[in-house]
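What follows is a single structure, written as structure tokens, with notes after it.
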Protein chains: 2
Amino acid sequence: MIQLNNVKRHYVMASETIKALDGITLSIQEGERIILLGPSGSGKTTLLNCISGLDTPTYGEYLFDGISVTGNSEELTTFRRKNVGYVFQFFNLLQDLTVLENVLLIQELSGQRDVNRAKEVLSLVGLEGEIDRFPSEISGGQQQRVAIARSIAKNPKLLLGDELTGNLDTETSAKVMNVLTEACQKENITTVMVTHDESLAKYATRVIRLDSGKVKSDERVS
Amino acid sequence: MIQLNNVKRHYVMASETIKALDGITLSIQEGERIILLGPSGSGKTTLLNCISGLDTPTYGEYLFDGISVTGNSEELTTFRRKNVGYVFQFFNLLQDLTVLENVLLIQELSGQRDVNRAKEVLSLVGLEGEIDRFPSEISGGQQQRVAIARSIAKNPKLLLGDELTGNLDTETSAKVMNVLTEACQKENITTVMVTHDESLAKYATRVIRLDSGKVKSDERVS
Ligand SMILES: Nc1ncnc2c1ncn2[C@@H]1O[C@H](COP(=O)(O)OP(=O)(O)OP(=O)(O)O)[C@@H](O)[C@H]1O
Ligand SMILES: Nc1ncnc2c1ncn2[C@@H]1O[C@H](COP(=O)(O)OP(=O)(O)OP(=O)(O)O)[C@@H](O)[C@H]1O
Ligand SMILES: [Mg+2]
Ligand SMILES: [Mg+2]
């Protein structure tokens, strides 16, 4: 499904070049559930942004279903809206839209508006009581759960999550990971989840560790 | 040092009243290191905002060193700038200032500008190489560490941290908690840290658990 060949992402600064990704070669098959671990600054967010098409590698190749994911920005945007669900490290919710509207918007952008489905996923993550509030009127963990619900409301082929449970207590994390894993198994969604919580490996089929922009280890686990 | 008497924080919405804090009575002595735990939505951020003076209770009383923390907004702002260091759940860094400038600004607002001290705390959290970059040019965990460095750069009497290590891997978390605990013991800083990571209790003298806006348990631990 996904093939990265010697992908590099460099930032050329005044005094130095930052090698955020320094030669990543990876294959990801459909239906895999990958946990991506690594120290702060090791390149996890950068890798997810390249996989989602939000960022473009400086060198190397990225193939999705055998087709090179490059081309102009509009093609990339269409690709992403159609195929990718993304839970961002800082959620990226629209502050002027309610919780429900934030979910509906993502559905509309991929032509799948469905109010019942939107309410259903919000209810699965425990937010049925908050659907008409704005992001500024709910807690940090509630905002994170809106971001999670939003990412699965449009049935993406590929689900990317960055620090998926960083703001959630143990009990809510477990509930949310169960909801996600079930939804992904049911719809055969491929997932790559960044986390610092090693205990989430139990929901995965494969654990990849990054260090300084390179793959340090890559193991099947389930 | 801090006394909360039956503090409530209600949000009156169209269809219901949200009781974010529902009667909190607590005393905090100088030098205590408190870990504040509780499920998502239980009132932790709201409690920190009341303690810092960023928010005002709807009912009840808040005394700091025996003086009621109310009064006009300017008095509260002076109180906070003078006494409180705060690591926000979403960091609140200024995007147009560099990492170093973000730290210097907080020092200036409390009349304690000290470039050497600013560089020292940034180095303690492993960011000496990033001081001239902007928040948008560093990773999530690096941003969190800027927020942490910023909070101790002005030697506050009271240090509040919301999800202090939510975006940090285990190794970086431990390093940062050691830096903080050492700085707080050395300067006798009182701390209240919100976290979902129960393992951080080993750095604390007391563990308070919230549930639905109330104190569920409150135990000395060290
Ligand atoms: N502006 C607001 N209007 C209405 N309700 C609010 C507002 N801000 C917060 N709340 C509600 O108050 C309650 C407590 O929120 P708070 O942010 O303190 O929780 P928290 O313990 O920090 O949660 P988390 O662990 O998810 O960050 C939640 O039910 C939240 O939805
Ligand atoms: N716009 C940018 N300009 C320069 N360097 C950058 C930029 N964005 C990221 N970096 C650097 O690239 C490296 C990787 O960043 P990335 O955000 O991918 O790390 P991460 O693994 O997600 O870290 P964390 O766990 O802290 O979120 C870091 O050293 C970071 O400082
Ligand atoms: Mg990141
Ligand atoms: Mg909170």
Side-chain angles (χ1 to χ4, degrees), chain A residues 11 13-16 18 20 37-49 88-91 93 125-127 129-146 162-173 175-176 194-199 209-211 213, chain B residues 11 13-16 18 20 37-49 88-91 93 125-127 129-146 162-173 175-176 194-199 209-211 213:
Chain A
Y11 292 99
M13 315 291 279
S15 51
E16 54 178 335
I18 312 291
L37 297 166
S40 174
S42 55
K44 305 178 297 296
T45 296
T46 306
L47 180 55
L48 283 193
N49 285 343
F88 293 92
Q89 191 163 7
F90 302 112
F91 320 154
L93 301 179
V125 296
L127 295 177
E130 281 79 18
I131 62 173
D132 296 321
R133 286 201 232 162
F134 292 91
S136 60
E137 297 175 328
I138 59 180
S139 78
Q142 287 168 335
Q143 292 174 39
Q144 184 151 41
R145 284 181 272 154
V146 176
D162 201 345
E163 285 310 332
L164 211 62
T165 56
N167 278 279
L168 301 176
D169 57 281
T170 318
E171 190 173 327
T172 314
S173 289
K175 176 173 173 182
V176 157
V194 169
T195 181
H196 289 307
D197 184 354
E198 305 241 349
S199 75
R209 287 179 197 273
L210 290 191
D211 201 339
Chain B
Y11 292 99
M13 315 292 280
S15 50
E16 54 180 333
I18 311 292
L37 296 165
S40 174
S42 55
K44 306 179 296 299
T45 296
T46 307
L47 180 56
L48 283 194
N49 285 343
F88 294 92
Q89 190 162 7
F90 302 113
F91 320 156
L93 301 179
V125 296
L127 295 177
E130 282 77 20
I131 64 174
D132 296 322
R133 286 202 232 160
F134 292 91
S136 61
E137 299 176 326
I138 58 179
S139 77
Q142 288 168 335
Q143 292 173 41
Q144 184 151 40
R145 284 181 272 156
V146 176
D162 201 346
E163 285 311 331
L164 212 60
T165 58
N167 277 281
L168 301 176
D169 56 279
T170 317
E171 191 173 326
T172 314
S173 288
K175 176 173 176 185
V176 157
V194 169
T195 181
H196 289 305
D197 184 354
E198 305 240 349
S199 77
R209 286 179 197 275
L210 291 191
D211 201 340

Honestly, the part of A:Glu130 sitting under 4.5 Å from a heavy atom of chain B is neither

- Task: Begin with the C-alpha distance, continue with both residues' side-chain angles, and end with the deciding distance and a verdict on side chain to side chain contact (heavy atoms under 4.5 Å, CB included) for A:Ile138 and A:Val146.
- Result: CA-CA 10 Å; A:Ile138 59 180; A:Val146 176; 4.0 Å; yes

Between B:Val125 and B:Arg145, the two heavy atoms sitting closest are O-NH1, 3.1 Å

Okay, B:Leu37 and chain A: the region with an atom under 4.5 Å from a heavy atom over there is neither

Between the CZ atom in A:Phe134 and the CD atom in A:Gln143, the distance rounded to the nearest 0.5 Å is 13.5 Å

If one checks every heavy atom of B:Tyr11 against chain A at 4.5 Å, the contacting part turns out to be neither

Side-chain atoms of residues 164-171 of chain A: list all donor-acceptor pairs with protein atoms under 3.5 Å, sequence neighbours left out, distances to 0.1 Å.
| residue | atom | partner | partner atom | Å |
| --- | --- | --- | --- | --- |
| A:Asn167 | OD1 | B:Gln89 | NE2 | 2.8 |
| A:Asp169 | OD1 | A:Thr172 | OG1 | 2.6 |
| A:Asp169 | OD1 | B:Ser40 | N | 2.7 |
| A:Asp169 | OD2 | A:Glu171 | N | 3.3 |
| A:Asp169 | OD2 | A:Thr172 | N | 3.0 |
| A:Asp169 | OD2 | A:Thr172 | OG1 | 2.9 |

Among residues 41-49 of chain A, residues within the sub-4.5 Å heavy-atom range of chain B, in order of number, are A:Gly41

Interface check, chain B: of A:Gly38, A:Ser15, A:Ser139, most non-hydrogen pairs under 4.5 Å belong to A:Ser139

B:Arg133/A:Ile18 under side chain to side chain contact (heavy atoms under 4.5 Å, CB included): CA gap, chis, key distance, verdict: CA-CA 12 Å; B:Arg133 286 202 232 160; A:Ile18 312 291; 3.2 Å; yes

Pair count under 4.5 Å, heavy atoms only, with chain A: among B:Gln142, B:Glu198, B:His196, highest is B:His196

So, the part of A:Gln144 with a heavy atom under 4.5 Å from chain B: the answer is neither

